[in-house]
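Take a look at the structure set out below.
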Amino acid sequence: MTALAQPPAGTEPTRRAGRGFVAALTGANLGLCVAWFGPLQLLLAKQAAQLTPHHKTSTLALVTGLGAAAALIANPVFGALSDRTVARVGRRIPWVAFGLAVAAAGLAVLARAPSAPVMAIGWCVVQIGSNAAYAALTAAVPDQVPTRQRGTVGAGIGVAAIVGVLIGTGLATVAGGLTTGYLACALFSVIAGVPYLLMRRDLRLDRAQRPPFQWRRFLAGFWRSPRRYPDFGWAWLTRFLINLGNSICTMYLLYYLTDTVHYRGDADTGVLILTALDALTILIAALIGGIWSDRTGERKAFVVWAGIIMTAATVLFATIQTWPGAIAAALILGIGYGVYTSVDFALITDVLPTAEDHGRDLGVINIAGAAPQVLAPAIAAPIVAATGGYTTLYLAAAAICLAGSLLVRRIRSVP
């Protein structure tokens, strides 16, 4: 399939996206999520414990924090570059291909990392590549999917995220070691992205449509004034808060099971079980929430209640620190996060300021998903060190999730 002609600036798509395009887009997102969450859920924690057994918590915090910092820069920059890309195959596809290749190379570095510094470098490369591809993929949605279909597409992306967590954790668990675990995640991510690349369905930017490049204008474009675009600002803040609460909740799950729950079996298996249960409820909730939101035309109510459900699950992690309690919390968290991921994505695409800058603006929004990975370790590590446990940590995460969900009501332009 050839690239599509670029519509005039300020126009929105009206033709429904076909099932093939949605399936390929979902598959590419699935591959990226495996590249992210296989390491984040298990491999990085195990590698930190192996390389620095007496400082595993601080090493994990440093590595994930540096990687998230790289993502903070990479996502909006590559999104903006994709807005300006002139290529026969379109303006997004080249960056998807580039990003998948770079992310796979970073995972290969991690597979053979002999020290914590090399581990940090490898994870930063993974984050740069995966965020380059992710910025281009998310921009393709408002480019080619009409508003009335974005909840359903968002549900597919949400499903891809959680299935990616499950597959990534599964590959990391059954691969038999760090090296094979990282390489399995790399191979899967590349293969999953191939159908999207082969479809060659993309918007093409003509050279005459691209304004001259100026560094000052390029850098200034990343700032969207909350006064001029208040709904865009509130959407960014609420996504940041809910993702921060969720990141705090899940980042130390392996240590939570070993140090607080005192899980009797293999902790890796415990993480996999909780991830599978979480995945099941997210799958169901994302599909129901996204489709239901499209049919009713409502966005905010779904996002608010999803955040409240996530808050309840996090409180459960804090107060009932047993294996049955962890199972119940994982199931409830999956319900809330499933609805949140599908409907919040649709809400955000509905408040983007300009059609010609989808990549850049979504890159700025995606900072709200990456920044919590920087801040979560900085918040979590001192709390765990000061309290000697995870009760205070999870209660703090619950308060953050609740604030993010309630502030969604400040968005005015979306029902």
Side-chain angles (χ1 to χ4, degrees), residues 37 40-41 45 56-58 60-62 64-65 68 162 165 234 236-263 267 270-271 273-275 277-279 281-282 285 302-341 344 368-410:
F37 293 116
L40 280 173
Q41 289 290 106
K56 61 183 182 181
T57 302
S58 57
L60 180 61
L62 177 62
T64 55
I162 196 56
V165 174
W234 286 117
W236 192 98
L237 178 61
T238 55
R239 168 166 277 211
F240 170 79
L241 290 173
I242 292 180
N243 276 282
L244 177 60
N246 188 66
S247 294
I248 292 174
C249 183
T250 59
M251 184 168 290
Y252 290 93
L253 190 57
L254 179 66
Y255 302 155
Y256 174 77
L257 289 181
T258 56
D259 301 340
T260 300
V261 174
H262 303 296
Y263 183 67
V271 172
I273 292 171
L274 293 182
T275 303
L277 294 173
D278 189 55
T281 51
I282 287 181
F302 285 89
V303 177
V304 169
W305 280 105
I308 292 173
I309 292 171
M310 292 174 63
T311 301
T314 310
V315 170
L316 192 59
F317 272 119
T319 56
I320 305 181
Q321 296 175 341
T322 63
W323 177 240
I327 290 176
L331 290 170
I332 296 171
L333 185 66
I335 294 172
Y337 196 66
V339 175
Y340 173 78
T341 52
D344 185 67
Q373 296 179 44
V374 177
L375 294 179
I379 294 172
I383 292 176
V384 173
T387 63
Y390 291 84
T391 299
T392 304
L393 179 68
Y394 281 103
L395 289 176
I400 293 169
C401 282
L402 182 61
S405 63
L406 295 180
L407 288 173
V408 171
R409 296 182 299 175
R410 299 299 298 271

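Just so you know, residue 1 is the first one in the sequence shown, and it goes up from there.
- Nearest heavy atoms, I400 versus G245: CG2-N, 3.8 Å.
- In the model, D259 has no side-chain atom that pairs as donor or acceptor with a side-chain atom of Y255 under 3.5 Å.
- Contact record, L254 with A45: CD2-CB, 3.8 Å, taken as the closest heavy-atom pair.
- Using a 4.5 Å heavy-atom threshold, the side chains of L407 and L241 count as touching.
- Residue T314 comes nearest to A397 through the heavy atom pair CG2-CB, 3.6 Å, listed as atom of the first residue, atom of the second, then distance.
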- Yes or no on side chain to side chain contact (heavy atoms under 4.5 Å, CB included) for T322 and V261, after CA distance, side-chain angles and deciding distance? CA-CA 5 Å; T322 63; V261 174; 5.6 Å; no

- Going through the distances and angles, do V384 and T57 end up as a side chain to side chain contact (heavy atoms under 4.5 Å, CB included)? CA-CA 10 Å; V384 173; T57 302; 5.9 Å; no

- Query: side chain to side chain contact (heavy atoms under 4.5 Å, CB included) between L274 and Y256: does it pass, once the steps are laid out?
  - Reply: CA-CA 12 Å; L274 293 182; Y256 174 77; 6.0 Å; no

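- The distance from the CD1 atom of I248 to the CG atom of L395 is 11.5 Å, given to the nearest 0.5 Å.
- Here the side chains of L333 and N246 are in contact, with some heavy-atom distance below 4.5 Å.
- Nearest heavy atoms, G336 versus A306: O-CB, 3.3 Å.
- The aromatic rings of Y394 and F317 sit parallel, their planes meeting at an angle under 30°, below the 60° perpendicular limit.
- Contact between A267 and T258 at its shortest, heavy atoms only, is CB-CG2, 3.3 Å.
- Within 6.0 Å of CH2 on W305 lie no more than 12 heavy atoms contributed by other residues, nucleotides or ligands.
- Side-chain atoms of I242 and D344, non-hydrogen and from C-beta on, never get closer than 4.5 Å to each other.
- Remark: N243 CG to T341 OG1 distance equals 10.0 Å, nearest 0.5 Å.
- You'll find the side chain of L257 reaches within 4.5 Å of the side chain of W323, heavy atoms only.
- Using a 4.5 Å cut-off on side-chain heavy atoms (C-beta onward), T387 and L393 make no contact.
- Across every non-hydrogen atom of I383 and A396, the tightest pair is CD1-CB, 4.5 Å.
- We find the SG-CG distance between C401 and L244 to be 8.0 Å, quoted to the nearest 0.5 Å.
- Between V165 and D278, the closest side-chain pair of non-hydrogen atoms is not below 4.5 Å.
- Atoms CD1 and CD1, from I273 and I327 in turn, are 7.0 Å apart once rounded to the nearest 0.5 Å.
- From Y390, atom OH reaches atom CD of Q321 across 10.0 Å, with rounding to the nearest 0.5 Å.
- No donor-acceptor distance shorter than 3.5 angstrom exists from the side chain of T238 to the backbone of V408, with no hydrogens or angles considered.
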